[in-house]
Enquirer: 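The structure follows.
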Protein chains: 2
Amino acid sequence: MLITGHLARCCFRVAAKVSTNILFTSLHENVYVQPTLRLGGAERGRQVTATIKDVAREAKVSVASVSRALNGAGGVTPETEKRIREAAARLRYVPHGAARSLITKRTHTVGALMPDLHGEFFSELIRGIDLEARSHGLHLLVSSSHDGAEDAAAALRAMQGRVDGIVILSSPRVDAAFLEANLPDGLPAVLLNSEVKAGAAAVLNIDNFAGTYAMVRHLVGVGHDRIAFVSGPKDNFDARQREAGFRAAMAKLAPGTSLRIVSGDFGESSGYRAGLELLASKVRPQAVFAANDMMAVGCLQAFKEAGIDVPGEIALAGFDDIPIARYVTPPLSTVRVRIAELGKNAMDLLADLINRPGSSAASVHTLGCDIVVRESCGGHRGGTSATTTKKIHRPSNR
Amino acid sequence: MLITGHLARCCFRVAAKVSTNILFTSLHENVYVQPTLRLGGAERGRQVTATIKDVAREAKVSVASVSRALNGAGGVTPETEKRIREAAARLRYVPHGAARSLITKRTHTVGALMPDLHGEFFSELIRGIDLEARSHGLHLLVSSSHDGAEDAAAALRAMQGRVDGIVILSSPRVDAAFLEANLPDGLPAVLLNSEVKAGAAAVLNIDNFAGTYAMVRHLVGVGHDRIAFVSGPKDNFDARQREAGFRAAMAKLAPGTSLRIVSGDFGESSGYRAGLELLASKVRPQAVFAANDMMAVGCLQAFKEAGIDVPGEIALAGFDDIPIARYVTPPLSTVRVRIAELGKNAMDLLADLINRPGSSAASVHTLGCDIVVRESCGGHRGGTSATTTKKIHRPSNR
DNA sequence: TTGTATGCGTTATCAT
DNA sequence: ATGATAACGCATACAA
């Protein structure tokens, strides 16, 4: 829609396979010239990794002393500890994670299981999780990109014995039944964006309901009455919550108004179609609230093509605050989800669950959203708001 | 710049801590009602995970037979195998990864080490890596979000014995010296976006040079002569290559033109400043080529505010093809980097390195780019082009 | 304080 | 075909 296309070769086509390099050279100083460099010391033979035994031999002590010294368990003379540490450093000794976790029962690793996600949401979530994991001394085993339940189940199985806990981002496929069948009993788990309260798992959700509610309140506040809603896919938990929030808000804040809800699928083009459909209505809405930003962007495109002024003739709002929202014309008002914080909180919850088994088990948490008022919804005075994580419900299941 | 602000509360503020839930209920059917659900069978006691011994006992065979049967190593009667499989299924037996890799010397896991990256690039890269890893039967241990060399070194150490190989995305901090000091000798590694050819590691780069060159050719082709360039940070490899490509292209395709290069830092606001600076020039450029899209977007903002028509008065082009590029007005012409493919190729290279040690070692590969012609650079006939990965150089270091 | 010995769960090498 | 047993690298209870 926005782009059209003819082909234009980007790279140099030359006969010889390796000559691209040479061609560059002839054009310019050769950017591919690279410093040759030997890595590591390449000890004799294939001794690629030193073990605790090697260190023990080198330091002329037993493996037990090496273990004690390096783990700070005490019971070792300062001088022998020094000797051991030096030997370890000399040999570039690093404890073998698998071996250690075999006896320790701790992998210091958490898993992240998520559906096939593109873009900002995924990266921000992982970012939040990873940062917090590191601060807890945990590593992150990621398994993303599965649409199928079979994929996800396999990934879950493969994590057995490799993780101390797991963060699971729910999806239509990874639902209650799936978790019941595949989530190992006793494995600390945090469910993100899930409608199930599953066993001992903690649940952390986005406050879609309140976010939508607040946006409706803003729209009503700036004088809009007939607000249409573009809903998301029915099998999506977020989408359902957002629609519920919209219905509740309208019932409360604009009572008596007949609800206008057209369905979309979170995709840009479904938003475009919804926009066209709304324009064709007998009574045109004063504002359109799309259940996510991509659909709002599609709407905007439809309005632009029809020559409708936004927000002059129709106000527009979205949900998510994807980066694009700021850059469309006019900039899109939306509900911001603090994704990295969601990840961070999930990780905190999980760490707690791991360190104090049962502590946060079966608790349900909710992360508030902000609304970001930009130009697309009229009554623009700008700004954002923030709320904090609130514990909603915590049955004493233990 | 684009957003201004007043605060608007998004969530309901109520006195009681837990009452948000109740409030919602009073507004609407309670969206937080969640099905209670017992997970797993909860075998007796704390037997949370069955081991191979349990299966052996259950099937009345030795652990050796269980191992053979489940690994398809042969040497086991169909009926005993059946009995073993049934016992395993009954006990929900899953082999303990750590224990297995201790003896196998294979973790079936690869590490991904990357700097603190936001947005699309990170997510697409991980996506490409993860998808391909899965198809190779490998898992992904991610360690992202370090700016410091110390951070990265610690992450690298922690991967010892937990991964069979590693993909490293270079950054100013993770450079030749860093790798020499920290990359374990003998560990299969693929360096992404790196200017060093390090030991036995394979290197995979984006063809920044050719991408920039092609875009300049396009700009010149549609009649622009005085093309200004907004460069990126000097310590960034991509930025340097792109500038080199620009210089080379201009020298070849627009000889005699005096070069106009203003420096930026890849950030939007530096692009904005560069835009203002260029507008203030005695001789205004016909086209501006920014070393990345964010700077181009900043430029565009500066031009818009100055009332300059794009592409009418000044053409504009960027690099990366971030999602935003399509949505600004006018849509931004740019050089597309196929990031997921980069990740996929890196993973392929690594899998090769793992399975056939030394096979792809010390090879250098380059992934071509596409140019995407949209409206911002004039001469708009639309479209993209694609090139494929080409092997540039492969010393016989083995 | 230090060393010896056992076991973690698995695969591999022998026997039988 | 099957079973006993020795690794794998580490931490730890116990002995010295």
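The chains referred to below are lettered A, B, ... by the order of the sequence lines, with proteins before strands, and numbering in each begins at 1.
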Enquirer: In whole Å, what is the span from the NZ atom of A:K60 to the C1' atom of C:dG3?
Expert: 16 Å
Enquirer: In whole angstrom, what separates A:R106's CZ from D:dT12's P?
Expert: 13 Å
Enquirer: What residues in residues 70-86 of chain B put a non-hydrogen atom under 4.0 Å from any atom of DNA chain C?
Expert: B:N71
Enquirer: Pick the closest DNA chain C nucleotide for B:A98 and for B:A64 by heavy atoms, then say which residue is nearer the 5' end.
Expert: B:A98
Enquirer: Quick one: do B:R57 and B:D54 make a salt bridge, cutoff under 4.0 Å?
Expert: yes
Enquirer: Just N and O in the side chain of A:R100: are any of them under 4.0 Å from OP1 or OP2 of D:dA11?
Expert: yes
Enquirer: Indicate yes or no: does A:E79 engage A:R83 in a salt bridge with an N to O separation below 4.0 Å.
Expert: no
Enquirer: Going through the distances and angles, do B:V167 and B:L204 end up as a side chain to side chain contact (heavy atoms under 4.5 Å, CB included)?
Expert: CA-CA 10 Å; B:V167 175; B:L204 178 55; over 6 Å; no
Enquirer: Out of C:dT10, D:dC10, C:dA12, which has the shortest distance to the side chain of A:P95?
Expert: D:dC10
Enquirer: Output the rounded distance in Å from CZ (B:R57) to P (D:dG3).
Expert: 15 Å
Enquirer: Looking at the side chain of A:R68, which of C:dG9, C:dT11, D:dC14 is the nearest nucleotide?
Expert: D:dC14
Enquirer: So which one's nearest nucleotide on DNA chain D is more toward 5', B:I103 or B:S65?
Expert: B:S65
Enquirer: Could you state the atom-to-atom distance from NZ of B:K105 to C1' of D:dC10 in whole Å?
Expert: 12 Å
Enquirer: Rounded off to whole Å, could you give me the CD1-to-P distance for the B:I52 and D:dT5 pair?
Expert: 17 Å
Enquirer: Return the value, rounded to whole Å, for the distance between atom CG of B:L102 and atom C1' of C:dT11.
Expert: 10 Å
Enquirer: Charged N to carboxylate O below 4.0 Å: is that the case for B:E341 and B:K344?
Expert: no
Enquirer: Looking only at the side chains, is there a donor atom on one of B:T109 and A:R162 sitting less than 3.5 Å from an acceptor on the other?
Expert: yes
